[in-house]
Protein chains: 4
Amino acid sequence: MLIRLGYDIQFDFPCATPMVALLNVHPSRESDLVEPGHVAVSPEIPVTTYLDTFGNRCTRFTAPAGRLRLTSSGLIRDSGQADPINWAARECAVGDVPNEILIYLLNSRYCEVDRFSNIAFDLFGNSPTGWGRVQAICDWVHEKVKFSYGHARPTKTALDVFTERIGVCRDFQHLAITFCRALNIPARYATGYLGDIGVPAGGPMDFSAWFEVYLGDRWWTFDARHNVPRIGRVLMATGRDASDVAITTSFGEANLCHFSVVTEEVGTEEAAHADVAEPAAA
Amino acid sequence: MLIRLGYDIQFDFPCATPMVALLNVHPSRESDLVEPGHVAVSPEIPVTTYLDTFGNRCTRFTAPAGRLRLTSSGLIRDSGQADPINWAARECAVGDVPNEILIYLLNSRYCEVDRFSNIAFDLFGNSPTGWGRVQAICDWVHEKVKFSYGHARPTKTALDVFTERIGVCRDFQHLAITFCRALNIPARYATGYLGDIGVPAGGPMDFSAWFEVYLGDRWWTFDARHNVPRIGRVLMATGRDASDVAITTSFGEANLCHFSVVTEEVGTEEAAHADVAEPAAA
Amino acid sequence: MLIRLGYDIQFDFPCATPMVALLNVHPSRESDLVEPGHVAVSPEIPVTTYLDTFGNRCTRFTAPAGRLRLTSSGLIRDSGQADPINWAARECAVGDVPNEILIYLLNSRYCEVDRFSNIAFDLFGNSPTGWGRVQAICDWVHEKVKFSYGHARPTKTALDVFTERIGVCRDFQHLAITFCRALNIPARYATGYLGDIGVPAGGPMDFSAWFEVYLGDRWWTFDARHNVPRIGRVLMATGRDASDVAITTSFGEANLCHFSVVTEEVGTEEAAHADVAEPAAA
Amino acid sequence: MLIRLGYDIQFDFPCATPMVALLNVHPSRESDLVEPGHVAVSPEIPVTTYLDTFGNRCTRFTAPAGRLRLTSSGLIRDSGQADPINWAARECAVGDVPNEILIYLLNSRYCEVDRFSNIAFDLFGNSPTGWGRVQAICDWVHEKVKFSYGHARPTKTALDVFTERIGVCRDFQHLAITFCRALNIPARYATGYLGDIGVPAGGPMDFSAWFEVYLGDRWWTFDARHNVPRIGRVLMATGRDASDVAITTSFGEANLCHFSVVTEEVGTEEAAHADVAEPAAA
């Protein structure tokens, strides 16, 4: 399957403002890119990219005062397979968790693990361990929290989600991640493209948040917001929580004035065209 | 100057419990060690060490049920110089902050930068930038917050410190770090040994927390708790906040039953003895 | 001056639900009513009224399942004078505050006085006392907090307003009230009608929140949201904060489906008509 | 049964400070007083008493700079009966709750009812209603929260208790009260004397907090801290939460320097003596 990816994001900056964008396909998916889809910045300004400590490809620049436009259009090969399910996946004992994954057991800005140990144990302490426990967490969050665009706010933490029971996709994942960590299951936040492939159309195309859980000896995809296996996730970034992997982080005032995302399966004709496109740069 | 370092920390574990300890001298100070002072664990159990993503040397093991004792005794060469002061140190424009240091501008568990932008700007927006601004922050925190052992708690954030105005050393540093980050000055949390060298004795020897600020092109030591240059800090770990660099993190119940620290200047006689000791292992 | 008052508020109730409404003109203004403007409830159901401990006239009923409509239309005589200003009004020493007013110095749900003592003293400790200090508080809140309908939420406290600096009228007043109380100045929350009399039209007519401060030996009106003297406030209720005097409190699910308010000056012709209307019931 | 009551409470005031004390036996128990036990203030200063809006007898004065001592010694007749248990007590439908009791269904400073609706329903929505539901709440709080003098703090709310699961008696009651209100059961905070009558001695004598629940047509005593019927409670005050009925509220700095309480059953000999004492003033 081929998926067309892209966005058109525009900001107004009252003055020159440094910015970091996580708007690239994740390095783990770069080899799938048929058309690379670099970040195009207009007006043309110096842009650098780097890998952060979580392994994400970041784009960095100083936006001049005025309108700034970030666009991209790429094409990626995808397995077309839905998120794998593996009820046999077992928890990795904390003592066996790889060193570099231990941080995904700790507190972070939006995931107050220290305030959730008792709550998580009360709710899920009797669930089977491993995949079943994570699925029980997703079921609970999916059932108890209501989706509402109007209830997003930048300071909302897992505890706020737990008490308010309403929010956007990032809120669902923060709560589920916090439950996992409180039960000593490593979990991290993920962002990327998620289209409507294989499901009824759900409104304008958009980025989405989901989360990953370390079971057995690898990371698995979970999504407490949708809570069904989905086709066509294209990972952009992973981190402890949304604070680490904000789509854009601006160090100063930035007023979003346009935001549109494309992420859709493309048919064979466009595919044929795409196949002759230049290979993706690594 | 030579400083004798060590500790005797004991826990009771109701059952086998994985643990990570940041109880080693920081890699940046290892070459100063005259006697290495490894972590000794009793009873003898398998122990591994690794560097975490912040560059700290971590000790990792699974404590068996019962009493566990962690001890160490080392000797380190120190410049004997107090923390440097450099009023000429200028802020590094965010656009020039090295990639790997950008995370020290972001939110973390105990440092809710997103809730402090306005507060920090109100309080320090008119201070001179650079060293002077950081010093203004330290002066404010030092003056406004009262030290009290009885007012520590694991969930206390910078915002709690700001409203309660009382706490222990970590609380002082969390608030100062958060102010710095909210003003786009990279700041990180530091822990280590800090004795009474050059100051009146201040009670039992202990570890301490301070913080580091990136000004110009390097990190500088600040300490909103003491707010005077001190001699003899021996760094153990740096991270975003206390959640990243807890002295010990246990994944299960751990009851502290003994805690003592040694950190004191030693005279020439002991120094002479120490000089013939084996060189520190890297 | 005569002011036409009224509303049309409709809810859908999934099941029978007890409700309390504070939708009457405050007893202190009842004698000004030319047309009484009782709460009309449709469908017709048993309704009782009572005075709560704060002296507000409450309407109480159990809404049946389905649509419920609350309407009212009244006419009130008003002085046409703007909120009085009295720079000479002095603080009432706490020792002289009447017994029944002491509770307006204490904590309430949205006014965490205990967390604001230091913040308030830092900000306003050097302001002149009395009227000047309250005005300094209003100026600060008015300048620092931005109005935005999109940033209301039921759990938002004064501390949230202080950090987020954005909200609706109730948020402005909660923060100002909390500052006052933290400085030992009695302050209470007020709701009522506030039209655009004497000011540029500001959108749809609505209820509004303001607050009252006890200075000298009486309560005075302040409004940190508008921060200019206004004509035509018609008080409905006062209490500790919005939790005490919610326009409607439902003990179960209630879905607001229509909300409109009328509050406008009426000309002489309608006035002439009104004058022959029956006198208001006490 | 006769119970000797009294206290000796001392403060140091850096400057003259207004204070309100709730240190009198509640009006509902005044007729049981064999010896009245007025509040004695030393040095002698003007003192007034009044009933607050909750019906408590308050003592009010302005403490001069220096040491202030509040003492009392009284004797009260008590039924000697343990707190009544009535499994048949039914919930009062919200629509039938008396007007003046409705406020005990609302938010207060330490009882964030608005944040607990879902949590309470998740935990207790399937419990039988009435007495059984309140008892289920007490059982839960008593089992889940650990008592610890070291974990009191003035800003601790029900939500903090719910996440931290540790605290003092007021914390237990705040959480239980909040659960009740979130389930539409009126609940209020109570303070008073509680000795060790009929139970093993539990340390120094002290005041205690418990709570009252409105079931059927009256208030009943519950105590999530002890969670067993107790003999010899002597009520001093009720209110929404500890903010309303703090033992002492000082409007300025007050440093507690001595605190002792007496509350113990007295034998027949002292009783004989007591019976000839003057009758209690109303």
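Remember, predicted model here, so these are calculated numbers, not experimental data.
Of the listed residues (C/Phe54, C/Tyr110, C/Tyr50), the one with the most heavy-atom contacts under 4.5 Å to chain D is C/Tyr50. Of the listed residues (D/Thr62, D/Val20, D/Leu102), the greatest number of heavy-atom pairs within a distance under 4.5 Å of chain C belongs to D/Leu102. Ranked by non-hydrogen atom pairs under 4.5 Å with chain D, the options C/Pro18, C/Gly252, C/Pro154 are led by C/Pro18.
Residue C/Ser117 does not touch chain D at all, counting heavy-atom pairs closer than 4.5 Å. Only the side chain of C/Asn184 comes within contact range of chain D, with at least one heavy atom under 4.5 Å from a heavy atom of that chain. Neither the backbone nor the side chain of D/Phe121 comes within contact range of chain C, judged by heavy atoms closer than 4.5 Å. Using a 4.5 Å cut-off between heavy atoms, C/Glu100 does not touch chain D at all.
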Q.
Between D/Asn255 and D/Phe11, is the side-chain contact (heavy atoms from CB on, under 4.5 Å) condition met? List the steps.
A. CA-CA 5 Å; D/Asn255 302 304; D/Phe11 293 94; over 6 Å; no
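Seen from the ring of C/Phe172, C/Arg170 does not count as a face-on cation partner, given the 6.0 Å and 45° thresholds.
The six-membered or imidazole ring of D/Phe211 lies away from that of D/Trp220, with a centre-to-centre distance of 6.0 Å or more. Aromatic pair D/Tyr104/D/Tyr214: centroids not less than 6.0 angstrom apart.
D/Glu91 and D/Thr129 share no side-chain donor-acceptor pair at under 3.5 Å.
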